[in-house]
Amino acid sequence: MKLIRVKDYDDMSRKVANIISAQVILKPNSVLGLATGTTPIGAYKQLIDWYHKGDVDFAEVSTYNLDEYRGLTGDDPQSYRYFMNTQFFDHIDIDKANTHVPDGSNPDIEEACSSYDKMVKDAGYVDLQLLGIGRNGHIGFNEPADAFSKGTQCVDLTESTIEANSRLFDDPKDVPRQAYTMGVQTIMNARMIVVAATGEDKAQAVHDMVFGAVTPQCPASILQLHTNCVVVADDAALSLCPEQ
Ligand code: GLP
């Protein structure tokens, strides 16, 4: 794992955007694995800015998002599909037909998961996977568990994740209790992984991800076993880590 220490959120956003931009410039038809949450918003803004300046374009890129709330349709403002459209895809030249998010509106768990796995596999897996990290060390919506997940699965969200994500909902009762998420094994199949983390509330999770035991109780810890994983984190998120 490579650690890149940055000053703050803006610094993190620019560095993450630089890495994604380099990937797309070097391989215009890259398959990107994308994340939601507040962490990547700044990186998406930076990429939109560079797109408008003509520095990078996404015409040939395809994307696979990590996760989606089960029970929400893509036009629901709380859905991750809606988030991706409004925060990123609507502002660049990507072909929306090449952007993929698990189908939260599909009530058939087996079908929703297996069809998403097939799509990612048929795409040859992801070139660059962008990840945030949950306060409990979750990646995508792979919550602490007794075993690492493999393919796409339907998960019950933990109380701490529901609580953390409730800030984005008008009424905390509206936070869905289940989600479809790409599995840990699929994430590990990405050829490069970039984890972005900012703020003190991520400090324990970042410490455990980088320096803790590799355990499904901290799903992000498995990234220690990936051969090309970069963590871009600010001073606050690294505050519990030994100085490098
Ligand atoms: C959600 C998402 C994760 C994300 C995490 C952290 O649970 N499913 O992909 O990494 O939140 O979100 P934030 O970046 O807002 O802290």
Side-chain angles (χ1 to χ4, degrees), residues 31-45 47-48 58 61-92 94-123 126 129-145 149-184 186-187 196 201 219-220:
V31 179
L32 300 181
L34 296 180
T36 53
T38 44
T39 306
I41 292 176
Y44 294 149
K45 277 206 178 82
L47 288 169
I48 292 166
F58 298 88
V61 166
S62 55
T63 65
Y64 290 84
N65 259 77
L66 286 165
D67 45 16
E68 178 62 282
Y69 288 117
R70 179 162 182 255
L72 299 191
T73 55
D75 56 0
D76 187 314
Q78 302 294 356
S79 73
Y80 283 169
R81 159 53 78 181
Y82 188 91
F83 174 102
M84 289 309 301
N85 287 349
T86 52
Q87 298 291 337
F88 194 31
F89 300 149
D90 287 347
H91 310 284
I92 55 174
I94 199 162
D95 181 350
K96 284 258 184 73
N98 295 333
T99 68
H100 308 87
V101 180
D103 182 4
S105 68
N106 187 346
D108 182 339
I109 294 175
E110 173 57 37
E111 207 275 323
C113 296
S114 61
S115 62
Y116 203 63
D117 281 339
K118 183 172 179 337
M119 275 195 282
V120 182
K121 186 175 178 214
D122 290 351
V126 164
Q129 176 68 57
L130 174 61
L131 294 178
I133 181 168
R135 294 178 201 172
N136 60 3
H138 73 239
I139 47 175
F141 266 134
N142 294 285
E143 298 278 29
S149 61
K150 297 185 174 62
T152 304
Q153 53 165 350
C154 177
V155 291
D156 296 327
L157 303 179
T158 63
E159 281 308 319
S160 88
T161 299
I162 292 167
E163 193 268 312
N165 290 5
S166 66
R167 70 189 192 283
L168 305 170
F169 287 74
D170 291 338
D171 185 341
K173 284 200 300 296
D174 294 340
V175 186
R177 270 34 191 176
Q178 286 189 315
Y180 291 128
T181 182
M182 205 185 256
V184 169
T186 311
I187 292 171
D201 62 337

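The model shown is predicted, which means the values in this text are computed figures rather than measured ones. Along the sequence shown, residues carry numbers from 1.
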Margin query: Could you work out, with salt bridge (Lys or Arg N to Asp or Glu O under 4.0 Å) as the rule, every residue matching Asp90, not counting sequence neighbours?
Written below: Lys96
Item checked: Contacts of type salt bridge (Lys or Arg N to Asp or Glu O under 4.0 Å), residue Asp170, not counting sequence neighbours ->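 Once residues adjacent in sequence are excluded, Asp170 has no partner under the salt bridge (Lys or Arg N to Asp or Glu O under 4.0 Å) criterion.
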Quick one: pull up [atom1] in [X] and [atom2] in [Y] and give me the separation to the nearest 0.5 Å.
X      : Y      : atom1 : atom2 : value
Asp174 : Ser166 : CG    : OG    : 10.5 Å
Ser115 : Met119 : OG    : CE    : 5.0 Å
His100 : Asn65  : NE2   : CG    : 11.0 Å
Thr158 : Asn136 : OG1   : CG    : 4.5 Å
Asp67  : Leu157 : CG    : CG    : 9.0 Å
Leu130 : Thr63  : CG    : OG1   : 11.5 Å

Counting only N and O atoms by type, is there a donor-acceptor contact under 3.5 Å from the side chain of [X] to the main-chain atoms of [Y]?
X      : Y      : answer
His91  : Thr86  : yes
Thr181 : Phe141 : yes
Arg135 : Thr161 : no

Check: Quick one: side chain to side chain donor-acceptor pair (under 3.5 Å) partners of Asp108, sequence neighbours excluded?
Finding: none
Next item on the list: Name all residues meeting the side chain to side chain donor-acceptor pair (under 3.5 Å) criterion together with Ser149; count only those two or more places apart in sequence or in a different chain, and write none if there are none.
Entry: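 Partners of Ser149 by the side chain to side chain donor-acceptor pair (under 3.5 Å) criterion, ordered by chain and then number, come out as Asn142, Gln153.
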Next item on the list: Evaluate the side chain to side chain contact (heavy atoms under 4.5 Å, CB included) criterion for residues Leu34 and Phe89: first the C-alpha distance (whole Å), next the side-chain angles of each, then the deciding distance (0.1 Å), finally the verdict.
Entry: CA-CA 11 Å; Leu34 296 180; Phe89 300 149; 3.9 Å; yes
Heavy-atom check, side chain of [X] versus side chain of [Y], under 4.5 Å:
X     : Y      : value
Leu66 : Ile139 : no
Tyr80 : Leu72  : no
Leu47 : Ile92  : no
Thr38 : Arg167 : yes
Arg70 : Pro176 : no
Asn98 : Val61  : no
Gln78 : Tyr69  : no

Looking only at heavy atoms, which two atoms of [X] and [Y] are closest? And how far apart?
X      : Y      : result
Ala123 : Val31  : O-CG2, 3.9 Å
Thr73  : Ser105 : CG2-CB, 3.7 Å
Asp156 : Glu143 : O-CG, 4.2 Å
Asp76  : Tyr82  : O-CB, 3.2 Å
Tyr180 : Ile109 : OH-CA, 3.7 Å
Ile162 : Arg177 : CG2-NH1, 3.6 Å

Checklist line | Listed partners of Thr152 passing side chain to side chain contact (heavy atoms under 4.5 Å, CB included), at least two apart | finding: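 Side chain to side chain contact (heavy atoms under 4.5 Å, CB included) list for Thr152, sorted by chain: Cys113, Tyr116, Asp117.
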Next item on the list: Just do the side chain to side chain donor-acceptor pair (under 3.5 Å) check on Thr99 and Arg81 with the steps written out, would you?
Entry: CA-CA 9 Å; Thr99 68; Arg81 159 53 78 181; 3.0 Å; yes
Check: In chain order, what residues pass the ring-ring contact (aromatic ring centres under 6.0 Å, His included) check against Phe88, with sequence neighbours excluded?
Finding: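 Partners of Phe88 by the ring-ring contact (aromatic ring centres under 6.0 Å, His included) criterion, ordered by chain and then number, come out as Tyr44, Phe58.
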